[in-house]
Each structure stands twice: as structure tokens, then as C-alpha cells.
Protein chains: 2
Amino acid sequence: MKATTRGIDEMNAGVDNCVEAGYRGAFPVRNILDRVGNKWSVMAVLRLGRRTERFRALLRAVDGISQRMLTVTLRGLERDGLVHRDVFDTLPPTVANSLTPTGLSLLTLITALADWAMQHEAAVKAARAEYDRRNG
Amino acid sequence: MKATTRGIDEMNAGVDNCVEAGYRGAFPVRNILDRVGNKWSVMAVLRLGRRTERFRALLRAVDGISQRMLTVTLRGLERDGLVHRDVFDTLPPTVANSLTPTGLSLLTLITALADWAMQHEAAVKAARAEYDRRNG
DNA sequence: TATGCGTGGTTCCCAATAGTAACCACGCTA
DNA sequence: TAGCGTGGTTACTATTGGGAACCACGCATA
């Protein structure tokens, strides 16, 4: 609560057209981020950024993911052209999952996000604790 | 399907320790991204990056969001210390929502992601169409 | 007077999605 | 012949996302 009421418009003086980029068109952004923001997709892309890996190896590497969720996740990434799937007809079958060039370009951003998350982890945790203390 | 079976390990020769950063610690990354990846959170942060805005204004600005989802989204962002909420006891009440410094630092990354989404929208759409054509 | 508008929410409820457990076939090995 | 490792699929359930409707308040308009 605050007693003063200097208008919001006043606060915004000169702030406009500061961050124009990235907001036009809303829809595509949302549409893409539905996949990008996905927990497992992020984990899979981060892992595949390190090395080409087959299904079972990914299953062991990505902590906590289930077999089905890995299948679903990889299918989604493949559908979006971010992951390339190479099936070798060996016995037992071998599937090599790797990032496509598009996937690699995204990896850069995801890595940046991961770094941000690690850098601000403490701050976010503190903010949450503080918020929860103040409210129920 | 491919006949050849040059091993995956061979394919990975020298690839390791290329993208080390961003993978250690998995958990915090996932934890943070749960919020970052959220559709509405991203839209709200992008919008608040442009200007401090009150509830109703955001409701109109963020296309397609419902009153409840905006409330939920803003609460989450506030809890994480990304959005600052200023309540003025005017009549009718005025609530000024703005990004905190932490929120601003995240905005940079989100803007980059949004730009990526716009740049690769066509490619992703094409990949999806191609995938759907090949499979059922 | 009552009907509507703008403020910023909350509560109820349902549909979609995330995610688990169990099953499949195949061949090799102990 | 029982188990393991390949890469899945199917059936089911828990959790969440999200819309519609409601709240109080004061001001205006008809």
C-alpha cells in the first residue's frame, strides 16, 4: 500500500519503444515457446547438445524422465525439426538422436537460460521464501 | 532406416566438453524454467518490459488471457521476485505492475527467445507440416 | 432507481495435459 | 527358462490449465 498516486503514465515517460522487439506478433512466440518451455524438452536439448545419444542412454541421463515422456518429448522435438532421428536396423535396434542445425541454434539460447537460472537460483529461492512468509 | 552402423560413440568423438555449461545441477534449471517456460508468464514479462502497467491494461494487452490466468501469472512472477506490485489505495484501487531488476535481466533472455521464435517460425511450421505429411 | 462500467480480484468447475505402471516383441546371455 | 537390453505402445490416473460466473465498491448515465 502506498499513499502517493503519481500516475503510471508518468512512470512510463520515455520508457516506450524501449523493448519493442520481441513483442509483435504474439502468436508465433507463444506457439514456439509451448515446446521450448517444456521441462523435458529443455532437458533433452541440453543433453543432446553434449552428444548424440540413443534412447536408453537419454533415459538414464535425463534424471526423472519416464520412458513414455521421453518418447513423447523426442517426437515433439523431431516434429519441430529440432532433433534428428537416425534409425539403424541393427539387432537390437539402434536410434541415434541428435540436434539439427535449428536445434543447435536454439541450444545457445537454452544454455543461456540455464545459466541465468543457476545465477539467479538463490535470489529466486529467497524471493519465494520471503513471499510465502508474508502471505499464507 | 540406415544400413550402416558407424557407432554413436564414434560420432561423438571430441564432442564432449563442448557444451558443458548449463547442464550441471539439472534441478534448479528445471525448477526455474517451469515458470519461465509458462506461456502467460512470458507474455506478461514481454509486455511489462515495455511499460509499467496496471491489471486491466495488461488484461487488454496480453491477447487471449483470462482474468484468472493473469492473476495467477502475476502472483507467480511476484512470488519469484520478477515482478513488483505497487498497490495505491485510490478509488477504484490502482495496482502498478513492473519488472524488478531480476525480471529485467530475464527479459533480455526472453526477448532473445522471442526473436528466435520469430526467425524460425517458418522453419518450424514447415518441419511440422513435413512430419505430419510423412506420418499419420 | 436501476442498469451499466471500470477497478481488481475469487470461486467453481470441467477439459486437457502431464505422467506412471504395465505390457509388447525381439534376440542374446547366464 | 529366466532375465536383460533394444525401443517403444497402451491404459489409466493425478494434476494442472483455463473459462464462466460471481464478488464489492463507487461513479456515471438514463
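Labels below follow one simple rule: chain letters A, B, ... track the order of the sequence lines, proteins then strands, and each chain is numbered from 1.
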field: Side-chain N or O of Arg60(A) closer than 4.0 Å to phosphate OP1/OP2 of dT6(D)
entry: yes

query: By side-chain hydrogen bond (donor to acceptor under 3.5 Å, both in side chains), which residues pair with Gln119(A), not counting sequence neighbours?
result: none

- prompt: What string of B, S and - do you get for nucleotides 10-27 of chain C, 5' to 3', when a contact is any protein heavy atom under 4.0 Å?
  reply: BBB------BB------S

- prompt: Between atom CG in Asn97(B) and atom P in dG8(C), what is the gap in whole Å?
  reply: 9 Å

Distance-only criterion, 3.5 Å: show the donor-acceptor pairs between side-chain atoms of residues 65-75 of chain A and protein atoms not counting sequence neighbours.
unit_1   : atom_1 : unit_2   : atom_2 : d
Ser66(A) : OG     : Met69(A) : N      : 3.3
Thr71(A) : OG1    : Gln67(A) : O      : 3.0
Thr73(A) : OG1    : Met69(A) : O      : 2.6

message: With rounding to the nearest 0.5 angstrom, report the CG to CZ distance, Leu59(A) to Arg54(A).
response: 12.5 Å

task: Write down the distance between CG (Leu59(A)) and C1' (dG7(D)), rounded to a whole number of angstrom.
output: 10 Å

Salt bridge (charged side-chain N to carboxylate O under 4.0 Å, His left out) against Arg56(B), all qualifying residues, sequence neighbours excluded: none

- request: State whether Arg56(B) places a side-chain N or O below 4.0 Å from either non-bridging phosphate oxygen (OP1 or OP2) of dG6(C).
  value: no

field: Selection residues 90-118 of chain B - residue pairs positive for ring pair (Phe, Tyr, Trp, His ring centres under 6.0 Å), sequence neighbours left out
entry: Trp116(B)-His120(B)

field: Phosphate OP1/OP2 of dG8(C): any Arg54(B) side-chain N/O under 4.0 Å
entry: yes

query: Which whole-number value in Å describes the distance from Asp89(A) CG to dG8(D) P?
result: 14 Å

task: Could you check how far CZ of Phe88(B) sits from C1' of dG8(C), rounded to whole Å?
output: 15 Å

Residues that Val42(B) engages under side chain to side chain contact (heavy atoms under 4.5 Å, CB included), provided they are two or more places apart: Leu33(A), Leu46(B), Ile110(B)

